[in-house]
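For reference, the structure is listed below as structure tokens.
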Amino acid sequence: MLDFLKPPVLTIQEFVFLAGRAFRGMSRRPHYPKDIVLQMDIIGVGSLPIVLLTGFFSGIVMALQMSKALQTYGAVNQTGPIVAITLVRELGPVLTALVCAGRNSAGIASELGSMKVTEQIDAMRALGTDPIQKLVKPRVIATAVMLPCLTAISDFVGMLGGYIIAAALLHQTTAEYWNASYRILEYSDIVQGLLKPFVFAFVISLVGCFYGLRTRGGTQGVGLATTQAVVAASVWIFVLNTLVTKIFVSI
Amino acid sequence: MPESILRFENVTVAFDGTPAIEELSFEILKGEARIIMGAAASGKTVILKTALGLLRPDSGRVFLFGEDITDRKERQLFDIRARAGILFQEGALFDSLTIEENVAYPLVNQKMVKCPPQEVRPRVERALTFVELEHTLDKVPSELSGGMRRRVGIARANITQPDLVLYDSPTAGLDPITANNIMTLIVKERDMRHATTIIVTQRLQDGQILAQYSYNPATDSLDRVPGEIEGIGFLVMKEGRLVFEGSAKQLRETRDPYISKFVLRH
Ligand SMILES: Nc1ncnc2c1ncn2[C@@H]1O[C@H](COP(=O)(O)OP(=O)(O)OP(=O)(O)O)[C@@H](O)[C@H]1O
Ligand SMILES: [Mg+2]
């Protein structure tokens with residue numbers, strides 16, 4: 001009767017198994033620092049343009065919408081704080097993670113998937129390297145370091161976008177906007193805003209590696225793995241975001 | 001009694017419940033060679049991958065260099081794998097690395113192989129000269145032809161001077177001249193180092209070259225030996241089962257229609 005539950009449960013079990021091996025490998029040599037730096041460049045620096053754009057425009061759009069809504073209460077000067085809080089707590093982490101899931105989970109899954117179907121993964125194992133150490137670990141570490149940085153940058157350009165609207169359309173002064181935004185942010189907001197991308201980083205990298213490494217059957221399989229990776233990573237980002245938010249709201 | 005290099009005992013490997021090889025048993029001793037033949041999807045590649053622990057048997061036991069590797073963890077397999085070289089069916093060169101880095105890969109990454117950094121480059125150059133590709137050091141695999149990639153794969157499989165070398169379809173899809181050149185290289189590797197060799201092939205001819213020719217360093221070519229070299233065995237696979245095991249002579253004389261198809265067709 002529960003047969004329809006079997007495939008997803010098995011998939012999750014396999015995923016946990018991979019994650020376990022990756023975490024156990026963290027402290028174990030060899031570490032391949034060159035690969036970590038290379039992945040930081042690809043994942044971090046490579047994602048920067050799109051992260052900047054999405055962050056900036058979501059800040060602008062939010063400022064526009066909020067100022068409109070706040071006008072009815074005569075609280076237009078609250079635009080800055082609202083933009084800041086929403087960005088730091090929710091939109092910054094989630095949007096950045098989604099953009100990175102689209103870009104990096106897909107990139108990782110297709111790269112490892114191509115290696116899998118051309119027997120390069122087997123070749124690695126045969127020639128003395130553990131793919132978990134050589135491929136998965138550098139990607140996980142690189143994403144875990146870079147995603148919080150990207151999120152912080154995204155938060156900042158988002159607020160900058162909000163500031164442009166506030167200054168140009170709402171005639172707020174620079175000091176007003178930034179002071180109000182700065183004062184509203186609490187320590188726990190920052191913690192929440194950086195913890196989330198840290199959690200999402202593991203989702204993005206591990207899901208990408210997972211679907212890449214279980215690719216089967218030629219180029220078609222690579223396409224499928226890539227799609228599955230993006231979908232799964234996005235869904236898990238939303239689920240985990242809800243969980244983390246719930247925890248922080250409860251405290 | 002010569003050392004046992006590889007032994008399969010009733011090995012079954014299945015994918016999603018369908019066996020790719022079933023109850024397979026054979027043994028190869030030091031200095032010997034085996035030629036594995038059989039139709040597509042008869043399990044030849046699976047045999048080679050199982051031999052190195054890249055695939056795990058569902059039942060039966062695999063002994064590599066006399067050690068039981070059946071239940072070993074991945075981490076515990078690297079040292080023993082370092083004593084074997086393998087050429088994969090599609091070459092499996094790392095396409096993000098140059099030819100030099102590809103050939104150097106086992107030297108640099110296998111912990112068992114202690115190669116000082118300054119010796120890596122000369123050894124890679126020597127290995128590539130051996131397969132007559134010394135001018136491709138800085139190229140990437142996609143810039144080479146299929147036959148050249150195969151030769152790079154052979155160089156990579158042999159760079160650490162492994163005791164056992166596995167070749168998966170080294171001549172498949174190549175013109176006869178290139179195919180014979182590749183076979184010359186394989187015989188050369190075998191005779192220069194006395195390496196134990198297992199080769200998967202569709203051409204009976206490849207097996208005969210292995211069984212009847214030896215490398216002559218003076219002329220850099222193969223010489224026909226009188227009769228047949230000892231210890232060269234043929235294995236014929238059919239749908240995951242071993243249907244023939246014996247010498248070239250026995251293979252020629254067999255009456256089994258499936259097996260003789262391989263003999264007659266070429
Ligand atoms: N990783 C895998 N996942 C699922 N099935 C596999 C896998 N590897 C091999 N098989 C199946 O096992 C069987 C034997 O495959 P194998 O690759 O050994 O064939 P082969 O004899 O090497 O054929 P060819 O001459 O075409 O290379 C095939 O039916 C194949 O579909
Ligand atoms: Mg094959």
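Just so we're clear, the structure is a prediction, and the values are computed from it rather than from any experiment. Note on naming: letters A, B, ... go to the chains in the order of the sequence lines (proteins, then strands), and numbering restarts at 1 for each one. Values below: every heavy atom of this structure, side chains too, minus hydrogens, waters and symmetry copies.
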Exercise. Between B:L93, B:T160, B:L55, which has the largest tally of heavy atom pairs under 4.5 Å with chain A?
Worked result: B:L93
Exercise. Rounded to the nearest 0.5 Å, how far does CD of A:E119 lie from OG1 of B:T45?
Worked result: 6.5 Å
For this session: Could you grab the distance from atom CG of B:D95 to atom OG1 of A:T118, nearest 0.5 Å is fine?
Result: 6.0 Å
Seminar exercise, completed: Listed by number, the residues in residues 23-47 of chain A that come under 4.5 Å of chain B (heavy atom to heavy atom) are A:R28, A:Y32
Exercise. Applying a criterion of heavy atom separation less than 4.5 Å, what residues of residues 127-143 of chain A form contacts with chain B?
Worked result: A:L127, A:G128, A:T129, A:D130, A:K134
I'd like to know whether [atom1] of [X] has more than 12 heavy-atom contacts from other residues, nucleotides or ligands below 6.0 angstrom.
{"X": "B:E125", "atom1": "CD", "result": "yes"}
{"X": "A:F15", "atom1": "CZ", "result": "yes"}
{"X": "A:I50", "atom1": "CD1", "result": "no"}
{"X": "B:E3", "atom1": "CD", "result": "yes"}
{"X": "A:E90", "atom1": "CD", "result": "yes"}

Exercise. Which atoms form the tightest heavy-atom contact between B:A92 and A:A123, and what is the distance?
Worked result: O-CB, 3.8 Å
Exercise. Side chain, backbone, both or neither: which part of B:L54 has an atom under 4.5 Å from a heavy atom of chain A?
Worked result: both
Problem set entry | B:K111 portion near chain A, given a 4.5 angstrom heavy-atom threshold | neither
Exercise. Do A:Q120 and B:F88 have side-chain heavy atoms sitting under 4.5 Å apart?
Worked result: no
Problem set entry | Contacts of type ring pair (Phe, Tyr, Trp, His ring centres under 6.0 Å), residue A:F200, not counting sequence neighbours | none
Under 3.5 Å, side-chain donor or acceptor atoms of residues 75-82 of chain B against the rest of the protein: list the pairs with distances, not counting sequence neighbours.
unit_1: B:Q76; atom_1: OE1; unit_2: B:K73; atom_2: N; d: 3.1
unit_1: B:R81; atom_1: NE; unit_2: B:L52; atom_2: O; d: 2.8
unit_1: B:R81; atom_1: NH1; unit_2: A:R125; atom_2: O; d: 3.1
unit_1: B:R81; atom_1: NH1; unit_2: B:E74; atom_2: OE2; d: 3.2
unit_1: B:R81; atom_1: NH2; unit_2: B:G53; atom_2: O; d: 3.2

